[in-house]
Number of protein chains: 2
Amino acid sequence: MLPSSTVENYLKAIYLGTSQRPDGDRLPMGHLAAALGVVPGTATTMVKALAESGLVDYEPYNGVRLSAAGLTLAALVLRRHRLIELFLVRVMGLGWDEVHDEAEHLEHVMSDRLIARMDEMLGFPQVDPHGDPIPNAAGEFPAHESTTLMTCDTGTPVTVTRITDQEAGFLRFVQQYGLMPGHELEVVARDEAADAVSLSGPDGQRLTIGTRAASKVRVSASQASSRA
Amino acid sequence: MLPSSTVENYLKAIYLGTSQRPDGDRLPMGHLAAALGVVPGTATTMVKALAESGLVDYEPYNGVRLSAAGLTLAALVLRRHRLIELFLVRVMGLGWDEVHDEAEHLEHVMSDRLIARMDEMLGFPQVDPHGDPIPNAAGEFPAHESTTLMTCDTGTPVTVTRITDQEAGFLRFVQQYGLMPGHELEVVARDEAADAVSLSGPDGQRLTIGTRAASKVRVSASQASSRA
DNA sequence: ATTTTGGTTTTGACTAACCAAAATTTAATG
DNA sequence: CATTAAATTTTGGTTAGTCAAAACCAAAAT
């Protein structure tokens with residue numbers, strides 16, 4: 001039997017939750033519940049059921065993480081979500097700050113047929129509008145390595161690859177200051193005490209943002225503009 | 001509170017069910033239940049609830065029909081459904097025989113924003129791929145009058161306007177023999193006893209179909225090819 | 001070693017939507 | 001007019017998903 005959309009949402013939330021914490025670490029039930037907007041007890045009940053089905057590895061009082069089967073399922077949900085987001089931006093002309101919520105609903109009802117057609121129309125893309133990687137139809141994530149503005153080298157040019165927060169307000173801020181994926185910039189300095197990071201864009205303009213924001217912007221070393 | 005997708009499906013089924021029976025007539029619960037694929041008792045319970053909410057006019061043992069409020073809601077569901085079908089055919093290149101089921105799911109989750117955008121991309125169309133009229137955003141149906149191959153004049157050219165059966169097999173048959181909306185043809189004769197209707201296409205080819213099929217093809221008098 | 005605290009699990013209860021089968025009403029037929 | 005068939009409604013029960021609040025556990029603080 002195919003998973004209900006509730007199950008899909010749990011798997012997705014567990015994936016996203018565990019992915020941003022030390023490797024192999026389980027996701028505390030409270031975090032999961034908060035991410036899904038349910039009370040903790042509800043999450044516990046549901047996760048126990050998921051464990052029964054072999055989709056997650058659950059240890060009471062210690063948290064939950066995906067099994068191999070659960071990971072594949074989560075990847076397929078993410079695949080649908082991200083292809084839909086890209087489709088809405090590229091084909092339908094919506095803003096990248098308004099497609100997340102829309103995709104949240106559509107991801108549970110689109111047939112494989114339709115997803116495949118979108119994939120084709122988009123030219124089999126690797127990443128969505130926020131730079132998030134799009135798993136393939138087998139549920140495998142493309143390889144990707146990058147750091148954030150908090151951890152990358154200072155004084156060397158980097159290219160934004162990904163924004164790891166879908167909140168509309170944050171996305172509009174990112175867009176306004178030219179921090180979207182593909183844009184090039186450089187970390188000038190980090191000020192621990194001020195909790196801030198100073199950046200300079202390619203056109204030389206300066207910008208200082210908080211560390212909270214900085215850690216949501218992923219980058220990779222710019223290709224040495226190897227044309228010489 | 002917005003209606004659940006179950007409520008939307010009931011309203012849609014009641015609209016479609018009542019529309020193909022004598023005017024003002026109520027739809028028997030058994031028919032409704034069959035259309036929705038539930039047992040009669042389930043339909044009764046749900047319809048009573050809908051009557052409570054003022055969306056339908058229900059008379060025990062006599063059937064159900066939409067109230068004004070229910071009709072508007074049903075029209076909006078149909079609007080979404082039909083715009084989606086047209087979008088899938090025109091923009092995404094799916095076959096007209098495979099879009100119905102897809103739209104059945106999508107109609108419940110697309111935002112007004114997205115529906116409006118599709119409407120715009122499609123040039124504010126009046127009918128969907130099957131010729132079914134698309135209500136406007138206020139829930140009003142466009143005017144339309146037509147007859148079927150069972151009732152139209154014989155010996156005069158008519159244009160197909162609409163196919164009133166979404167079943168994939170039937171749609172493929174219609175496509176194969178060129179009976180899709182826009183095509184011109186003529187009823188040569190009706191044979192009561194044989195339960196059949198003979199047609200001739202513009203290219204002169206003959207075709208005989210059963211009355212069941214004939215009544216699912218709506219037509220209107222062809223414009224006298226007024227070019228003189 | 002005990003208390004506090006914060007997170008977690010359990011319990012009991014609720015809602016929407018459904019089915020199966022019994023009870024009822026209407027309509028049809030002898 | 002009585003009977004029976006067909007359709008409809010009722011009744012009782014199920015499942016998925018949820019919440020509120022009570023009970024519980026573990027780790028830190030006393």
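Residue numbers start from 1 in every chain, and the chains themselves are labelled A, B, ... in the order their sequence lines are given, proteins ahead of strands.
Between B/Leu11 and the options B/Val56, B/Thr6, B/Val77, a side-chain contact (heavy atoms from CB on, under 4.5 Å) holds for only B/Val56.
The separation between A/Tyr58 atom OH and C/dG7 atom P is 16 Å, rounded to whole Å. Atoms CG (A/Asn9) and C1' (D/dA16) sit 14 Å apart, rounded to a whole Å. What separates CG of A/Asn62 from P of C/dG6 is a distance of 20 Å, to the nearest Å. At whole-Å resolution of the value, NE2 in B/His31 and P in D/dA6 are 14 Å apart. In this structure, the NZ atom of B/Lys48 is 15 Å from the P atom of D/dT8, given to the nearest Å.
Scored by the side-chain hydrogen bond (donor to acceptor under 3.5 Å, both in side chains) test, A/Ser146 finds A/Arg218 as partners (sequence neighbours excluded). Taking A/Ser215 as the reference, nothing meets the side-chain hydrogen bond (donor to acceptor under 3.5 Å, both in side chains) condition, with sequence neighbours excluded. Every residue two or more places apart in sequence or in another chain that forms a side-chain hydrogen bond (donor to acceptor under 3.5 Å, both in side chains) with B/Ser111 is listed here: A/Glu102. The side-chain hydrogen bond (donor to acceptor under 3.5 Å, both in side chains) check on A/Asp57 picks up A/Arg26, A/Arg65, with sequence neighbours excluded. In terms of the salt bridge (charged side-chain N to carboxylate O under 4.0 Å, His left out) criterion, residue partners of A/Lys12 (sequence neighbours excluded) are, by chain and number, A/Glu104, A/Glu107.
Residues B/Met118 and A/Met92 form a side-chain contact, since some pair of their non-hydrogen atoms from C-beta on lies under 4.5 Å apart.
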Nucleotide by nucleotide, 5' to 3', does protein get under 4.0 Å of the base (B), only the sugar-phosphate (S), or neither (-) in nucleotides 12-23 of chain C, counting heavy atoms? -----SSBS---
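Near DNA chain C, meaning a heavy atom under 4.0 Å from it, residues 11-30 of chain A has A/Pro28, A/Met29, A/Gly30 in order of number.
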Just distance, no hydrogens or angles: give the donor-acceptor pairs under 3.5 Å from side chains in residues 33-54 of chain A, sequence neighbours left out.
{"from": "A/Thr44", "atom 1": "OG1", "to": "A/Pro40", "atom 2": "O", "distance (Å)": "3.3"}
{"from": "A/Thr45", "atom 1": "OG1", "to": "A/Gly41", "atom 2": "O", "distance (Å)": "2.9"}
{"from": "A/Ser53", "atom 1": "OG", "to": "A/Ala49", "atom 2": "O", "distance (Å)": "3.0"}

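For the salt bridge (Lys or Arg N to Asp or Glu O under 4.0 Å) condition, the pairs that include at least one residue of residues 130-144 of chain B, sequence neighbours left out, are B/Asp132-B/Arg162. Sorted by first and then second residue, the pairs that involve residues 109-122 of chain B and meet salt bridge (Lys or Arg N to Asp or Glu O under 4.0 Å), not counting sequence neighbours, are A/Glu98-B/Arg113, B/Arg79-B/Asp119, B/Arg117-B/Glu120. For residues 10-34 of chain A, every residue pair satisfying the ring-ring contact (aromatic ring centres under 6.0 Å, His included) rule, not counting sequence neighbours, is listed here: A/Tyr15-A/Phe141.
Consecutive Watson-Crick or G-U pairs involving DNA chain D, each under 3.5 Å on both distances, make up stems of three or more pairs at C:1-30 with D:1-30.
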